[in-house]
Student: 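I have a structure I would like to understand better, so I am pasting it below and will then ask my questions one at a time.
Hydrogens, waters and symmetry mates are skipped; everything else that's a heavy atom, side chains included, is used.
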Amino acid sequence: MVDPRASFTGSVPQYYDGCLGPAWFDAFAADLAQRLPAKPPGDVLEIACGTGLLTRHLRERLDGAPRLVATDLSAAMLDYARNKLSGSQGIEWREADAASLPFGDGEFGAVVCGFGVMFVPDKNAAFSEAYRVLKQGGILLFNVWDRIDENPHALANAEVLEGFFPGDEEIRFRTPFEMHDPELLQGLLAQAQFGNVKIEKKRLQLDRVSARTMANGQIRGTPRSLLIEKRGVPLDEMVERVAAALAKIGGADPYRGPAQAVVAAARRVR
C-alpha cells in the first residue's frame, strides 16, 4: 500500500471529508463522541484525527476546560482539519505516530480514535502507547468497522475494483474491515493491560448522499486513487463503475444502505 504519510495529499482529504464524511463517517463520529463523558478524568487525546470529523464532535462534547489534542500521522490531513476547524477554540494539533506518541506518561484522561487503529502496523505498540499516556482510571474509546459483509457499500466498491484489477494485492485492500472480531480486540486490550472492557456493535443507515457522491469519496477520497492512476486507469471510469454498483443495491439518489461498526471502551485500571 502507498505510504500513508504521502497518500492523503492533493484533493484526497477534500473528497474524503466532503463525500464520505456526511454519508458515512460523521454519524459514527457523533456516536463515538457522545460515549465520552462530558467531563473526562483529564485532558483528551485523539489519535488518527484525519480531516477532523470526530475532532469537532469531541470539542462540542467536552465542557470547556479539558485540553483536546488532535493528532495524525499525515501532515496533509492535519493541515486540512486545522483549516476546516480554524474557528473552533481549544484544539491543539500535533503530527504523531500512534505507535510512538510524543507525550508523557499519564498525561491524558482519555484517548479516543475513530476508525484509525486498523491502519497502525504495530497494533500492540499502539494500544501500549495509549495505556502509557493515560492516567489511572483514564478511558480508551475507539471504533473499527465490522466485517465487510455488514457494510454493503464497501463490499460493492471492493468487488468492482478487485474485478477490474484481478489478482492485484495492492488494490485488494480490505484492511479497514479486518479488526471486527471481539476476541481479537479483547486480546489486544488485555495484552496492553486495559480493564473494564466493553465491546458492542453499532449499526446506522446511510441516506444523505447520492451513489455518485459516495463513489467519488470511495475512489478519490482514499489512497486507492493513487494506485488506480498509477495503473493508467481514469478515475472517472472507476467512479462510474462504483456508482452503478451502489445504485443497484441502494438506489442512485439518495443511496440508502446500512453501515456497521464495532465500538470498544476500556480503562487503565492501575
Student: Is there a chain of hydrophobic side chains (I, L, V, M, F, W, Y, each step under 4.5 Å between heavy atoms) that links V69 to L78?
Tutor: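 No: no chain of side-chain contacts under 4.5 Å links V69 to L78.
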Student: If every non-hydrogen atom of I199 is compared with every non-hydrogen atom of P182, which pair is closest and at what distance?
Tutor: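 Minimum heavy-atom separation between I199 and P182: CD1-O, 3.7 Å.
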Student: Rounded to the nearest 0.5 Å, what separation is found between the CG atom of L32 and the CG atom of L141?
Tutor: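 That separation rounds to 4.0 Å.
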Student: Taking all non-hydrogen atoms of both residues into account, name the closest pair between M214 and A23 and its distance.
Tutor: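 That closest heavy-atom pairing would be SD-CB, 3.9 Å.
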Student: Go through the steps to decide whether F127 and F194 satisfy the test ring pair (Phe, Tyr, Trp, His ring centres under 6.0 Å), and finish with yes or no.
Tutor: CA-CA 9 Å; F127 285 115; F194 281 100; 7.0 Å; no
Student: For the CG atom of N216 and the CD atom of Q14, what is their distance to the nearest 0.5 Å?
Tutor: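 Answer rounded to 0.5 Å: 10.5 Å.
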Student: Got K201 and Q260 here, is their nearest side-chain heavy-atom distance under 4.5 Å?
Tutor: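 Yes. Closest side-chain heavy atoms under 4.5 Å.
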Student: Indicate whether the side chain of D17 and that of T51 have a donor and an acceptor atom separated by less than 3.5 Å.
Tutor: yes
Student: Do Q218 and L20 come close enough that some side-chain heavy atom pair is under 4.5 Å?
Tutor: yes
Student: May I ask you to test the N157-L246 pair for a side-chain heavy-atom distance under 4.5 Å?
Tutor: no
Student: Output, in order, the C-alpha distance, side-chain angles, deciding distance and verdict of side chain to side chain donor-acceptor pair (under 3.5 Å) for Q193 and R270.
Tutor: CA-CA 9 Å; Q193 303 183 63; R270 63 178 187 274; 3.0 Å; yes
Student: L85 versus I91: any side-chain heavy-atom pair under 4.5 Å?
Tutor: yes
Student: Is there a donor-acceptor pair closer than 3.5 Å between any side-chain N or O of E162 and the backbone N or O of E159?
Tutor: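 The answer is no, because no donor-acceptor pair under 3.5 Å joins these two groups.
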Student: Would L185 and Y131 show up in the same hydrophobic cluster when neighbours are defined by side-chain heavy atoms closer than 4.5 Å?
Tutor: yes
Student: Does this structure show an ion pair linking R212 with E240, if we count only N-O contacts that are shorter than 4.0 Å?
Tutor: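 Salt bridge present between R212 and E240.
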Student: Could you see if V197 belongs to whatever hydrophobic cluster contains L36? Use Ile, Leu, Val, Met, Phe, Trp, Tyr and a side-chain cutoff under 4.5 Å.
Tutor: no
Student: As a quick check of understanding, evaluate side chain to side chain donor-acceptor pair (under 3.5 Å) for Q136 and R268, giving each step before the final call.
Tutor: CA-CA 5 Å; Q136 185 173 352; R268 176 169 179 167; over 6 Å; no
Student: Could you tell me whether a side-chain N or O of S128 sits under 3.5 Å from a main-chain N or O of N124, the two making a donor and an acceptor?
Tutor: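 A pair under 3.5 Å: yes.
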Student: Ignoring hydrogens and geometry, is there a side-chain-to-backbone donor-acceptor pair from D146 to V262 under 3.5 Å?
Tutor: no
Student: Salt bridge between R241 and E237, side-chain N to carboxylate O under 4.0 Å?
Tutor: yes
Student: Counting neighbours of CZ on R59 that are heavy atoms of other residues, nucleotides or ligands and sit closer than 6.0 Å, is the number greater than 12?
Tutor: yes
Student: Between CG of D43 and CZ of F103, what distance do you get to the nearest 0.5 Å?
Tutor: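 Output value for this atom pair is 10.5 Å.
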Student: Salt bridge check, R220 against E229: does any charged N sit closer than 4.0 Å to a carboxylate O?
Tutor: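 R220 and E229: not salt-bridged.
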Student: Just checking R132: does its CZ atom have more than 12 heavy atoms from other residues, nucleotides or ligands closer to it than 6.0 angstrom?
Tutor: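 Atom CZ in R132 is crowded, with more than 12 foreign heavy atoms closer than 6.0 Å.
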Student: Which pair of non-hydrogen atoms, one from W93 and one from A81, has the smallest distance, and what is that distance?
Tutor: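 Closest approach of W93 to A81: CZ3-CB, 3.6 Å.
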Student: Quick one: does R224's side chain have a donor or acceptor within less than 3.5 Å of a partner on I171's backbone?
Tutor: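 Looks like yes, one N/O pair under 3.5 Å.
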Student: Salt bridge check, R56 against D26: does any charged N sit closer than 4.0 Å to a carboxylate O?
Tutor: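 Result for this pair is yes, salt bridge flagged.
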Student: How about W24 and F115: are their ring centroids closer than 6.0 Å?
Tutor: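 No.
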Student: Just verifying a value: how many Å separate L184 CG and M179 CE, rounded to the nearest 0.5 Å?
Tutor: 5.0 Å
Student: With a 3.5 Å distance limit and no angle check, can you tell me whether N143 reaches the backbone of A261 through a side-chain donor-acceptor pair?
Tutor: no
Student: Report yes if the side chains of P258 and P152 come closer than 4.5 Å at any heavy-atom pair, otherwise no.
Tutor: yes
Student: Is any side-chain heavy atom of V111 less than 4.5 Å from a side-chain heavy atom of I139?
Tutor: no
Student: Quick one: pull up CD in E46 and CZ in F108 and give me the separation to the nearest 0.5 Å.
Tutor: 11.5 Å
Student: Between R67 (side chain only) and V44 (backbone N and O only), is there a donor and an acceptor less than 3.5 Å apart?
Tutor: no
Student: Provide the closest heavy-atom pair for A98 versus V120 in the form atom of the first, atom of the second, distance.
Tutor: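 Scanning both residues, the minimum pair turns out to be CB-CG2, 4.0 Å.
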Student: Does R147 make a cation-pi contact with F177, if we ask for NZ or CZ under 6.0 Å from the ring centre and within 45° of the axis?
Tutor: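 Not satisfied by the 6.0 Å and 45° rule.
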Student: Check each of L140, T71, V112 against L45 using the side-chain contact (heavy atoms from CB on, under 4.5 Å) test, and report the only one that passes.
Tutor: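 Per the side-chain contact (heavy atoms from CB on, under 4.5 Å) rule, the option paired with L45 is T71, out of L140, T71, V112.
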Student: Y255 vs H153, test: side chain to side chain contact (heavy atoms under 4.5 Å, CB included). Steps then yes/no.
Tutor: CA-CA 9 Å; Y255 169 85; H153 55 288; 3.6 Å; yes
Student: For S225 and V12, which heavy atoms make the closest approach, and how far apart are they?
Tutor: OG-CG2, 3.9 Å
Student: To the nearest 0.5 Å, tell me how far L54 CG sits from C49 SG.
Tutor: 9.0 Å
Student: What I want to find out is whether D168 reaches R172 closely enough, with some N-O distance under 4.0 Å, to be called a salt bridge.
Tutor: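 Not counted as a salt bridge, because no side-chain N and carboxylate O are separated by less than 4.0 Å.
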Student: Please give me the minimum heavy-atom distance between A243 and A211, naming the atom from each residue.
Tutor: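 Looking at all heavy atoms of both residues, the closest pair is O-CB, 3.7 Å.
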Student: Has N83 got a side-chain atom pairing as donor or acceptor with D79's backbone, closer than 3.5 angstrom?
Tutor: yes
Student: Are M238 and I249 connected in a single hydrophobic cluster, I mean Ile/Leu/Val/Met/Phe/Trp/Tyr linked by side-chain heavy atoms less than 4.5 Å apart?
Tutor: yes
Student: Kindly say whether G137 contributes a backbone atom to a donor-acceptor pair with the side chain of R267 at under 3.5 angstrom?
Tutor: yes
Student: Check the hydrophobic clustering (I, L, V, M, F, W, Y; side-chain heavy atoms under 4.5 Å; chains of links allowed) and say if V242 and L206 are grouped together.
Tutor: yes
Student: Does the distance from a Lys or Arg side-chain N to an Asp or Glu carboxylate O, for R94 and E92, drop under 4.0 Å?
Tutor: yes
Student: Are any of the side-chain nitrogens in E107 or K135 under 4.0 Å away from the carboxylate oxygens of its partner?
Tutor: no
Student: Checking side chain to side chain contact (heavy atoms under 4.5 Å, CB included) for the pair V117/L188: CA distance, chi angles, key distance, verdict?
Tutor: CA-CA 11 Å; V117 296; L188 288 167; over 6 Å; no
Student: When you compare the side chain of D253 with that of V209, does any pair of heavy atoms fall below 4.5 Å?
Tutor: no
Student: If you apply the rule side chain to side chain contact (heavy atoms under 4.5 Å, CB included), what do you find for K202 with R35, and how did you get there?
Tutor: CA-CA 12 Å; K202 180 67 178 181; R35 296 169 186 265; 4.0 Å; yes
Student: With side chain to side chain contact (heavy atoms under 4.5 Å, CB included) as the test, would you mind laying out the steps for Y15 and T222 before giving the verdict?
Tutor: CA-CA 8 Å; Y15 279 104; T222 73; over 6 Å; no
Student: Verify, without hydrogens or angle tests, whether S74 (side chain) and M77 (backbone) share a donor-acceptor contact under 3.5 angstrom.
Tutor: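 Answer holds: yes.
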Student: Examine F25 together with W145 and report whether their ring centres are nearer than 6.0 Å.
Tutor: yes
